[in-house]
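Order of the sequence lines fixes the chain letters, A, B, ..., with proteins taken first and strands second; residue numbering starts at 1 for each chain. Predicted model only: the values in this text are computed from it and were never measured.
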There are 4 protein chains.
Amino acid sequence: MSDVIAADQLRLLIERVERLEGEKQGIADDIKDVFGEAKATGFDVKAMRTIIAMRKLEKHKRDEQQAIVGTYAAALGMQLAFDI
Amino acid sequence: MSDVIAADQLRLLIERVERLEGEKQGIADDIKDVFGEAKATGFDVKAMRTIIAMRKLEKHKRDEQQAIVGTYAAALGMQLAFDI
Amino acid sequence: MSDVIAADQLRLLIERVERLEGEKQGIADDIKDVFGEAKATGFDVKAMRTIIAMRKLEKHKRDEQQAIVGTYAAALGMQLAFDI
Amino acid sequence: MSDVIAADQLRLLIERVERLEGEKQGIADDIKDVFGEAKATGFDVKAMRTIIAMRKLEKHKRDEQQAIVGTYAAALGMQLAFDI
DNA sequence: ACAGAAATAAAAATGC
DNA sequence: GCATTTTTATTTCTGT
């Protein structure tokens, strides 16, 4: 592969990453905006984050990771009313 | 605002966040794929990251410069019809 | 208050902070060690962190914060098997 | 290792972490108190933080220097009986 | 697979 | 009280 071709390829790869990172940042900003909007409406952002985390846990309740948490909770005799 | 409306609003806000987080994760995966491709082609990923970081810094500096020039222009009542 | 006295006082305050920060760092290191030990014994550190976070929630289940989470969860019809 | 023993071990590890985190929080509170005291006495807390950060940086640099000197000394087979 | 480093996300604190 | 800035915590990545 000639150096010229390699340089072009590298430039393309870098530009793809940069564009994707730009989009990613844009979405991060959107998320921040949504939370800002929620806050302005009177919702508690921290509680919302907790709910979102819980829903993610529920969604992945078949994960190995969640199974381990369940096992540990059982070992400690914790009453998980929120069934993982 | 009735409780029903608030609950609906809350659900919508949370679902928007969840959808955005999903998209964000998708883009993060795309970025990883690009680096994987680069690596497979024989490029040094770490060096690429360094270049990207440097370009971001430079862009940042350029943006700052633009902001300063813009401020001066505004102070002089100039209409800047083109990008600096 | 003379400058000499003020300087001495300032030095004392700063040294107190520095000593406390040293102790804090020492404890942070101890925590890391405990997790390292847990890992070496075969426990899953991430799951342990989840359990610790849950126990903290339980401990503060009378918090206003938890009440809000409960309210939101109820509004979304979430089944909280883990009673907050 | 039986499950009972593992559960006990897990509980002990978690309780150790929890106790350490409690101590850490206590020290964080102490630090906050010292800054509160300093502020009440008329000192500029932000400036104090800057000084503390600078001293930490300097200590860091000094430690690095010591490490380098120590390395050289070791290379020469010297016994350093005193702090550099 | 693991340790260590870097990046990101979340929480806390200060100042207005 | 809100917004900004700092800290802290978690996650992710990379090299060994």
Side-chain angles (χ1 to χ4, degrees), chain A residues 17 20-21 24-54 56-57 60 63 65 69, chain B residues 17-18 20-21 24-25 27-36 38-40 43-50 52-54 56-57, chain C residues 17 20-21 24-25 27-29 31-53 56-57 60 63 65 69, chain D residues 17 20-21 24-25 27-36 38-40 43-54 56:
Chain A
V17 170
L20 287 167
E21 286 189 344
K24 184 144 132 329
Q25 188 54 51
I27 293 177
D29 293 345
D30 290 348
I31 292 172
K32 202 184 290 183
D33 287 350
V34 176
F35 278 122
E37 191 182 325
K39 187 177 184 177
T41 314
F43 289 109
D44 182 304
V45 170
K46 192 175 172 185
M48 281 178 66
R49 285 187 195 278
T50 302
I51 293 284
I52 290 167
M54 282 172 159
K56 201 190 275 181
L57 276 182
H60 300 295
D63 277 8
Q65 185 63 30
V69 173
Chain B
V17 170
E18 287 174 340
L20 287 167
E21 286 188 344
K24 186 143 88 60
Q25 188 54 53
I27 293 178
D29 293 344
D30 289 348
I31 292 172
K32 203 186 299 183
D33 287 349
V34 177
F35 279 121
K39 190 175 184 176
F43 290 112
D44 181 319
V45 170
K46 192 175 177 182
M48 282 179 65
R49 283 186 194 279
T50 302
I52 291 167
M54 285 170 67
K56 198 190 283 182
L57 271 181
Chain C
V17 170
L20 287 167
E21 287 189 344
K24 185 141 100 39
Q25 189 53 50
I27 292 176
D29 293 345
I31 291 172
K32 201 182 291 182
D33 288 349
V34 176
F35 279 121
E37 190 182 325
K39 187 176 185 177
T41 313
F43 289 110
D44 182 304
V45 169
K46 192 175 172 185
M48 281 178 67
R49 285 187 195 277
T50 303
I51 293 285
I52 289 167
K56 203 192 270 183
L57 276 181
H60 301 294
D63 277 8
Q65 184 63 27
V69 173
Chain D
V17 171
L20 287 167
E21 286 188 345
K24 186 143 97 46
Q25 188 54 52
I27 292 177
D29 293 345
D30 289 348
I31 292 172
K32 203 187 299 181
D33 287 349
V34 176
F35 279 121
K39 189 177 184 175
F43 290 112
D44 182 318
V45 169
K46 192 174 176 183
M48 280 177 67
R49 284 186 194 278
T50 303
I51 290 169
I52 290 167
M54 286 170 64
K56 200 191 280 184

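Straight-line distance from the CZ atom of Phe35(D) to the P atom of dT5(F): 19 Å, rounded to whole Å. To the nearest angstrom, P of dA11(E) lies 11 Å from CD1 of Ile52(A). Following rounding to the nearest Å, Glu21(B) (CD) and dA10(E) (C1') show an atom-to-atom distance of 12 Å. Atom-to-atom, CG of Asp33(D) to C1' of dA13(E) comes out at 14 Å; the value is rounded to the nearest Å. Between Asp29(B) atom CG and dT8(E) atom P there is a gap of 14 Å when expressed in whole angstrom units.
Val45(D) comes within 4.0 angstrom of no nucleic acid atom, judged by non-hydrogen atoms across all strands.
Neither OP1 nor OP2 of dT14(E) sits under 4.0 Å from any side-chain N or O of Lys46(D). Side-chain nitrogen and oxygen atoms of Arg49(A) include none within less than 4.0 Å of the OP1 or OP2 phosphate oxygen of dA9(E). Proximity of Lys24(C) to the phosphate of dT8(F): a side-chain N or O atom is located under 4.0 Å from OP1 or OP2.
Looking only at side-chain heavy atoms (C-beta outward), Ile27(B) and Ile31(B) come within less than 4.5 Å of each other. Taking 4.5 Å as the limit, some side-chain heavy atom of Asp44(A) sits within range of a side-chain heavy atom of Gln65(C). With contacts defined as side-chain heavy-atom distances shorter than 4.5 Å, the pair Arg49(B)/Val45(B) qualifies.
Take the nearest nucleotide of DNA chain F for Lys39(B) and for Lys39(A): the residue whose nucleotide is more 5' is Lys39(A).
Of all non-hydrogen atoms in Ala38(C) and Met48(C), the two that sit nearest each other are CB-SD, 3.5 Å.
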